[in-house]
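The residues of the chain are indexed from 1 along the displayed sequence. Since we're looking at a predicted model, the values are computed, not measured.
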Amino acid sequence: MGKSKFSTLLFVFIISIFSFHGTLVRSDASDHRYNEADNVPLYANKVGPFHNPSETYRYFDLPFCVTGKEKDKTEALGEVLNGDRLVSAPYTLDFKKDKDSKSVCKKKLTKEQVAQFREAVKKDYYFQMYYDDLPIWGFIGTVDKEGKADPSEYKYFLYKHIQFDVLYNKDRVIEISARMDPHSVVDLTEDKEVDTEFLYTVKWKETDIPFEKRMEKYSQSSSLPHHLEIHWFSIINSCVTVLLLTGFLATILMRVLKNDFMKYAQDEEAADDQEETGWKYIHGDVFRFPKYKSLFAAALGSGTQLFALTIFIFMLALVGVFYPYNRGALFTALVVIYALTSGIAGYTATSFYIQLEGSNWVRNLLLTGCLFCGPLFLMFCFLNTVAIAYNATAALPFGTILVIVLIWTLVTSPLLVLGGIAGKNSRAEFQAPVRTTKYPREIPPLPWYRSTIPQMAMAGFLPFSAIYIELYYIFASVWGHRIYTIYSILFIVFIILLIVTAFITVALTYFQLAAEDHEWWWRSFLCGGSTGLFIYGYCLYYYHARSEMSGFMQTSFFFGYMACICYGFFLMLGSVGFRASLFFVRHIYRSIKCE
């Protein structure tokens, strides 16, 4: 009964995912056609320091020209989570209508506004706009450092003339770029009032690029030959690691296990009173249930849910949903699919908890629901408070927070409970090939390198070494302005990561059992998940050596959200490591005769 309920839940979930596919593709990214002189809306999105991608502000937080006709654009959930706050820009770009040095406004900048612009120029502020759903970037000013050794001698200039170059094909917009006129600037070096006039120029040019290929420009940067070479080098490096590791482990383990099986077979034929040694010696303890079994089952359930979430995200990525600048699609997918997969966490955790002869399955279900969401919610509360203090666009409006709470209340929690009920009613028994003795054997003293932390260090290093090259590109995309579109290569790297994690955990579990240490349950989970700790260590290296991020807000966002992501990896890979070890341990003990 429980299995049929869970199958129905899974079927409904898969149908929901594929029906949800269409909602991820933006409606306003559709095939827009225009007549000559039609007004094509231009939206200003945000401004912020170029090296601090999380620290962004509304466009009009800086004292640009205000026409009084500005209107906020309604944003989808994912766009708000992405920090997008679109508002109509003061520039008018009519279709196929050139303009030359058109005035936006004449403005007298006060001392405070000059200081505000100067501070923004000093921090390399950029702006981002969208025109017919195509992104536009530019810097708001420049710093003259030429021939000046002392920073106090630097000169700061604000660009006041922007030129839009637009390509069109018949009645569609194909491409747009913005160029700042370096000869039309305002000197911001001194604290004094400045009179200025903001201007813009629009140049239209015909192209034969089809509308369907207009987004290719943005994905080409990650597909350039030298980038692809590095990606393929990463794949080859990972494959060599996998082949060497799996070949080595398979050879060693097969040979050692074969010798073990032969030895134990001979021992059975010899005198019965001969003392057993090695992993066969602890056959009565190896399937003794672990301590803190409610926490263990909850971790396994949460890790399985995150694994399912990752697989579904990859499925959507490989079919082309996350094309460049499909704003917020990834965040929307993460929120919705996480909510829909909560039934998997409930079913896995509760059914395994029941197998471990746990009695309080309701408490186990609550623990499963809070194990990943709890730390994530606390981190979000802290970081959202920081963003509010900075008045940044990363601060979520109350309405968005309410939507997320409603999704958690009306979708995540009910599915978690349904999955838990299905898991409880499955009533599956734990499949142990040997009987467990009443009293546990004492574990012999072991050298320091066989303790948990050195074993975790060994287990995490190899999977991390297989993915670290690709990690740079992911970080440069998530925490920078590089575009990442090669999801097929990323998926291959992910599969390699799973294989290496499973193999290294199995090997360490075997050596642990051979040393007559039967407490392998938590050890296999911790060793499998230890790659998450290595990824967090890479965060420290990336922040200090590969990025120019600075400031309290950006630093707290980077380390705060990366802590949550690495914790998610810990749970997911820990589940993979434990499942592989459990399969292996069942297999070897099923292959021998135990009294």
Could you tell me how the ring of W204 sits relative to the ring of F95: parallel (under 30°), tilted (30 to 60°) or perpendicular (over 60°)?
perpendicular
Does atom CZ (F117) have a neighbourhood of more than 12 heavy atoms from anything else shown, all under 6.0 Å?
yes
Report, as yes or no, whether the 6.0 Å neighbourhood of atom CD on E206 holds more than 12 heavy atoms from other residues, nucleotides or ligands.
yes
Tell me, please, which residues at least two apart from E193 pass salt bridge (Lys or Arg N to Asp or Glu O under 4.0 Å).
K108
Here the pair of heavy atoms bringing I496 nearest to A466 is CG2-CB, 4.1 Å
Check the pair L334, L81 against side-chain contact (heavy atoms from CB on, under 4.5 Å), reporting the backbone distance first and the verdict last.
CA-CA 11 Å; L334 284 170; L81 293 173; over 6 Å; no
What do you reckon, are the aromatic ring centroids of F559 and Y543 less than 6.0 Å apart?
yes
F377 CZ: over 12 foreign heavy atoms closer than 6.0 Å
no
Strictly under 6.0 Å, is that where the ring centroids of Y34 and Y168 end up?
no
Test side-chain contact (heavy atoms from CB on, under 4.5 Å) on I344 and F307; report intermediate values, then the result.
CA-CA 10 Å; I344 295 173; F307 178 74; over 6 Å; no
Determine the minimum heavy-atom distance between P463 and T531, stating which atoms define it.
CB-OG1, 3.4 Å
How close do L573 and L498 get, heavy atom to heavy atom, and via which atoms?
CD2-CD2, 3.9 Å
Which of T56, N82, D84, T393 passes side chain to side chain donor-acceptor pair (under 3.5 Å) with K46? It is D84
Y156 vs Y154 aromatic rings, parallel, tilted or perpendicular, using cut-offs 30° and 60°?
perpendicular
Is the CH2 atom of W408 crowded by more than 12 outside heavy atoms at less than 6.0 Å?
no
Heavy-atom distance under 4.5 Å between the side chains of P49 and D124, does that happen here?
no
Salt bridge (Lys or Arg N to Asp or Glu O under 4.0 Å) partners for D181, two or more places apart:
none
Side chains of N384 and I401: does their closest heavy-atom pair fall under 4.5 Å?
yes
Can a salt bridge be assigned to the pair D165 and K205 using a cut-off of 4.0 Å between side-chain N and carboxylate O?
no
Sidechain-backbone polar pair: T110 side chain, Q113 backbone, donor-acceptor under 3.5 Å:
yes
Any chance you could measure L340, atom CG, to Q305, atom CD, to the nearest 0.5 Å?
10.0 Å
Closest heavy-atom pair, P375 versus C564, reported as atoms and distance to 0.1 Å, is O-SG, 4.4 Å
Whether the side chain of E75 engages the backbone of L86 through a donor-acceptor N/O pair (distance < 3.5 Å, no angle test) should be reported.
yes
Passes ring-ring contact (aromatic ring centres under 6.0 Å, His included), F50 versus F139? Steps please.
CA-CA 9 Å; F50 183 75; F139 286 97; 5.5 Å; yes
Kindly indicate whether the side chain of T92, heavy atoms from C-beta on, has any atom under 4.5 Å from the side chain of Y200.
yes
D94/K99 under side-chain contact (heavy atoms from CB on, under 4.5 Å): CA gap, chis, key distance, verdict
CA-CA 9 Å; D94 297 323; K99 293 181 181 178; 3.9 Å; yes
Rounded to the nearest 0.5 Å, what separation is found between the CD1 atom of I209 and the CG atom of N169?
8.5 Å
Do L93 and I176 have side chains that approach each other closer than 4.5 Å (heavy atoms only, starting at C-beta)?
yes
Please identify which of these residues, R33, R172, R214, meets the salt bridge (charged side-chain N to carboxylate O under 4.0 Å, His left out) condition with D132.
R214
Test item: side-chain donor near acceptor, Q554 and Y390, under 3.5 Å
no
Heavy atoms from other residues, nucleotides or ligands near NZ of K145 exceed 12 (cutoff 6.0 Å):
no
Between S342 and T412: side-chain donor-acceptor atoms closer than 3.5 Å:
no
Tell me whether D191 is salt-bridged to R118, with the criterion being a basic N under 4.0 Å from an acidic carboxylate O.
yes
Show me, pair by pair, the donor-acceptor contacts under 3.5 angstrom made by side chains of residues 57-70, not counting sequence neighbours?
residue	atom	partner	partner atom	Å
Y57	OH	E55	OE2	2.7
D61	OD2	R58	N	3.2
T67	OG1	K69	N	3.3
T67	OG1	E70	OE2	2.8
E70	OE1	G68	N	2.9
E70	OE2	T67	N	2.8

Between F494 and F314, is the ring centroid distance below 6.0 Å?
yes
L188 versus V194: any side-chain heavy-atom pair under 4.5 Å?
no
Supply the atom-to-atom distance K217 NZ to I174 CD1, rounded to the nearest 0.5 angstrom.
12.0 Å
Would you give the length of the straight line joining atom CE of M549 to atom OH of Y542, rounded to the nearest 0.5 angstrom?
5.5 Å
Would you indicate whether the side-chain heavy atoms of D100 and V202 approach each other to under 4.5 Å?
no
With sequence neighbours excluded, what pairs up with R546 under the salt bridge (Lys or Arg N to Asp or Glu O under 4.0 Å) test?
none
Among all residues two or more places apart in sequence or in another chain, which pass the ring-ring contact (aromatic ring centres under 6.0 Å, His included) test with Y472?
none
Testing F558, Y473, Y561 one by one against W479 for a ring-ring contact (aromatic ring centres under 6.0 Å, His included), which residue passes?
F558
Is any side-chain heavy atom of I136 closer than 4.5 Å to a side-chain heavy atom of L134?
no
Can you establish whether the number of heavy atoms outside K97 located under 6.0 Å from its atom NZ is more than 12?
no
What's the spacing between I404 CD1 and T409 OG1 if we round to 0.5 Å?
11.5 Å
Gap separating the OH atom of Y159 from the OG atom of S184, nearest 0.5 angstrom
11.0 Å
For T201 and H161, run side-chain hydrogen bond (donor to acceptor under 3.5 Å, both in side chains): C-alpha distance rounded to whole Å, both residues' side-chain angles, the deciding distance at 0.1 Å, then the answer.
CA-CA 8 Å; T201 296; H161 189 178; 2.7 Å; yes
Between I489 and E470 the two heavy atoms that sit nearest each other are CG2-OE2, 4.0 Å
Got a salt bridge between D144 and K155, using NZ or NE/NH1/NH2 to carboxylate O under 4.0 Å?
no
Where V80 and P397 come nearest, the two heavy atoms and their spacing:
CG1-CD, 3.6 Å
Side chains of D187 and F157: does their closest heavy-atom pair fall under 4.5 Å?
yes
Non-neighbouring partners of K96 that pass salt bridge (Lys or Arg N to Asp or Glu O under 4.0 Å), sequence neighbours left out
none
